[in-house]
Visitor: 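The structure that follows is given in the form of structure tokens.
Predicted model, so just to flag it, every value in this text is computed and none were measured. The sequence lines fix the lettering, A, B, ..., with proteins before strands; numbering per chain opens at 1.
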Amino acid sequence: MLKHLISIELKKALNLRFFLFSLALILLPLITILPIINGSYVFHRTIDVHEQLLSSSPIPLLFPLLLIPLYAGSYANEKKDNYLQYVMPRTKISDYVVAKGISNALITFIVAYLMIYIPFLFIQYIDPMINYIYYETAFMNPVSIGTFEVIAQESVHLYGVVYSLWVAINGVLYVTIAYLLSICLNNTFVALSIPFLWWFIIHFVTSVLGLEKFSPLYTVFPFAIAAQQFWTIFIPFIVLILFIVSLIFYIKRSRKIWEN
Amino acid sequence: MSLIELRNISKSYKGLTLFENTSVSFEKEKIYGIIGHNGSGKSVLFKMICGFVFPDHGGIFVNGEELGKNRRFPENFGIIIDKPGYLGDKTGFENLRYLADIQNKISDEKIKETLEKVGLHYTIKQKVKDYSLGMKQKLAIAQAIMEDQEVLLLDEPFNALDVDSVENIRGLLKSLNNEGKTILLTSHNNEDIEVLCDHVFRIRNYKLEQIK
């Protein structure tokens with residue numbers, strides 16, 4: 001039943017608005033930022049371009065805010081429009097809510113992954129055929145791209161895959177928090193804004209306290225910080241997982257999904 | 001055996017006492033009207049019968065099975081409670097299709113046929129958020145009947161409908177009843193109740209009194 005409900009949710013989510021928004025997220029940085037940074041910065045390696053492309057785009061600053069509109073608000077919308085009441089006689093509402101959460105995670109994972117991986121693919125594999133990006137070859141002095149440099153040293157392709165996965169998984173955590181909060185709180189705007197506020201405020205607080213290595217922003221987009229030990233990126237990650245587990249526990253305990 | 005039986009139920013809802021030690025039963029293939037002043041508990045009564053809320057005391061039995069024991073919601077109930085529900089950014093047809101997909105029991109043809117029956121054309125491309133209140137109400141009626149539900153709980157089904165639509169829906173409910181459906185409905189319009197209902201209950205002094 002869960003698989004069937006997920007397929008319905010995906011059908012519901014995949015509309016024109018979704019495709020346009022996703023395409024914009026995936027392609028706009030490449031189309032708009034790359035021409036600006038090309039020639040303005042000295043690039044030695046493909047990963048330098050990828051790093052500069054992302055850090056020059058609004059993606060690191062607005063990360064949760066860009067992904068939440070994809071599908072995280074769907075439960076809140078259906079509750080507001082009394083739609084859930086008409087779902088209840090047809091299936092177990094707990095299955096329906098779980099299916100919605102999984103669909104939200106799945107959709108976000110794919111879009112966030114492509115948002116990082118498609119530019120990487122272009123820079124790494126397509127550009128060498130068309131030679132659009134200008135590389136400095138005379139004087140090689142590459143600057144570290146941060147915490148993930150260690151993977152790039154093993155294999156550039158592995159870097160592309162692992163880093164895209166890392167961003168996508170973090171995206172999934174943020175939209176899942178937004179989704180769960182939309183079940184817990186009556187004010188949808190507040191519920192969907194909290195992950196972004198968390199992203200922004202904790203970044204600010206860790207910066208003020210000199211603990212930038214634990215900033216949510218720098219652990220997902222670790223470009224503006226010196227390479228840290230790898231374990232540091234898992235600290236905010238674990239905090240997010242604990243937050244999600246607490247929210248699920250609270251929803252189950254308070255029977256929130258029954259109170260429409 | 002009664003189709004639906006309320007045994008000694010008491011219910012307070014949001015700090016208001018609505019029912020005290022009330023018992024009533026509803027038989028198959030009849031149309032029942034429930035009347036009562038605003039806030040008397042008509043919608044809460046329907047919510048209890050379809051398992052959305054539980055009574056504080058007593059039990060609700062559907063086909064002899066108590067709700068909340070092994071089963072949370074009764075099977076094969078079509079409902080309209082409080083107000084229509086919809087996906088605002090989808091068309092009427094898409095709304096019904098997504099709801100029907102959950103159980104996957106009916107075809108597109110059946111949905112189109114149901115839309116025509118309630119007076120909505122399936123070809124309408126308008127999103128439901130742009131529908132008039134009456135159109136939303138018709139869509140709500142369509143979702144309640146499209147899967148040939150055996151029992152219909154219709155809270156104010158004639159809300160916002162124009163005169164012709166009221167006539168059409170009355171005829172539709174009559175014909176569904178003739179096909180063997182059991183219908184419980186509320187209405188503030190006495191004519192709807194008089195024309196349609198075999199039995200009428202009034203909510204007064206926290207009890208359901210049979211007046212017809």
Side-chain angles (χ1 to χ4, degrees), chain A residues 1-22 69-104 107 182 186 188 252 254-260, chain B residues 13-14 43 46-47 49-54 62 67-68 71-91 94-106 127-129 131 136-137 139-147 149-155:
Chain A
M1 189 61 182
L2 197 61
K3 238 165 84 177
H4 176 64
L5 290 174
I6 291 170
S7 73
I8 296 173
E9 285 306 311
L10 292 179
K11 235 163 67 179
K12 243 191 261 178
L14 303 181
N15 53 27
L16 184 66
R17 191 191 69 95
F18 171 83
F19 279 115
L20 291 177
F21 189 64
S22 303
L70 288 171
Y71 205 56
S74 74
Y75 175 88
N77 287 337
E78 291 184 14
K79 188 165 79 172
K80 175 176 71 75
D81 290 333
N82 209 30
Y83 181 78
L84 291 178
Q85 186 152 280
Y86 298 98
V87 170
M88 283 184 189
R90 292 174 166 93
T91 187
K92 274 173 75 180
I93 193 73
S94 50
D95 286 352
Y96 185 77
V97 170
V98 169
K100 228 176 214 321
I102 293 173
S103 308
N104 179 35
I107 285 167
S182 77
N186 290 329
T188 308
K252 285 191 107 143
S254 61
R255 303 183 64 76
K256 270 283 176 190
I257 52 173
W258 301 110
E259 295 170 7
N260 285 297
Chain B
Y13 196 70
K14 296 182 176 167
S43 300
F46 279 9
K47 283 182 180 177
I49 292 174
C50 60
F52 290 175
V53 295
F54 291 125
V62 176
L67 295 185
R71 175 176 297 284
R72 166 89 202 206
F73 299 114
E75 260 180 23
N76 222 353
F77 270 43
I79 61 165
I80 303 175
I81 298 181
D82 284 337
K83 56 183 176 178
Y86 52 85
L87 300 167
D89 61 343
K90 308 284 181 195
T91 65
E94 286 169 338
N95 264 266
L96 297 190
R97 187 64 264 172
Y98 285 123
L99 277 177
D101 277 347
I102 294 173
Q103 295 185 318
N104 215 6
K105 291 197 292 199
I106 57 168
K127 307 273 188 231
V128 174
K129 66 183 173 195
Y131 273 19
K136 285 177 184 164
Q137 189 70 10
L139 189 67
I141 295 168
Q143 68 75 31
I145 64 169
M146 67 179 173
E147 287 151 320
Q149 288 92 330
E150 285 302 315
V151 183
L152 304 178
L153 297 184
L154 308 176
D155 188 10

Visitor: Can a donor-acceptor pair be found, under 3.5 Å and without considering hydrogens, that links the side chain of B/Asp101 to the backbone of A/Ile8?
Guide: no
Visitor: Using heavy-atom distances under 4.5 Å, tell me whether B/Tyr86 contacts chain A through its side chain, its backbone, both, or neither.
Guide: both
Visitor: Say you draw a straight line from NZ of B/Lys129 to CG of A/Asn77; how long is it, rounded to the nearest 0.5 Å?
Guide: 10.0 Å
Visitor: What is the distance from atom CZ of A/Arg90 to atom CD of B/Gln149, rounded to the nearest 0.5 Å?
Guide: 5.5 Å
Visitor: Can you name the closest pair of heavy atoms from B/Gly88 and A/Asp81 and give their distance?
Guide: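 Looking at all heavy atoms of both residues, the closest pair is N-OD2, 4.0 Å.
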Visitor: Between B/Asp89 and A/Arg17 (salt bridge meaning N to carboxylate O under 4.0 Å), is one present in this structure?
Guide: no
Visitor: With a 4.5 angstrom heavy-atom cut-off, could you sort out which part of B/Lys90 is near chain A: side chain, backbone, both or neither?
Guide: side chain
Visitor: Is B/Glu147 close to chain A through its backbone or its side chain, or both, or neither, when contacts mean heavy atoms under 4.5 Å?
Guide: side chain
Visitor: For B/Gln143 and A/Tyr86, indicate whether the former's side chain and the latter's backbone hold a donor-acceptor pair under 3.5 Å.
Guide: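 Pair absent, no side-chain N/O of B/Gln143 close to backbone of A/Tyr86.
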Visitor: Any idea which heavy atoms bring A/Gln85 and B/Ile81 closest together, and the distance?
Guide: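 Scanning both residues, the minimum pair turns out to be NE2-O, 2.7 Å.
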Visitor: As an exercise, state the distance from CD1 of B/Ile102 to NZ of A/Lys92, rounded to the nearest 0.5 Å.
Guide: 14.5 Å
Visitor: A/Met1, A/Lys80, A/His4, A/Glu78: which one forms the most heavy-atom pairs within less than 4.5 Å of chain B?
Guide: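 Sorted descending by pairs with chain B, the first entry is A/His4.
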Visitor: From A/Met88 CE over to B/Phe73 CZ, what is the distance, rounded to the nearest 0.5 angstrom?
Guide: 5.0 Å
Visitor: Please look at A/Leu5 and chain B and tell me whether the side chain, the backbone, both or neither of the residue comes under 4.5 angstrom of a heavy atom of that chain.
Guide: side chain
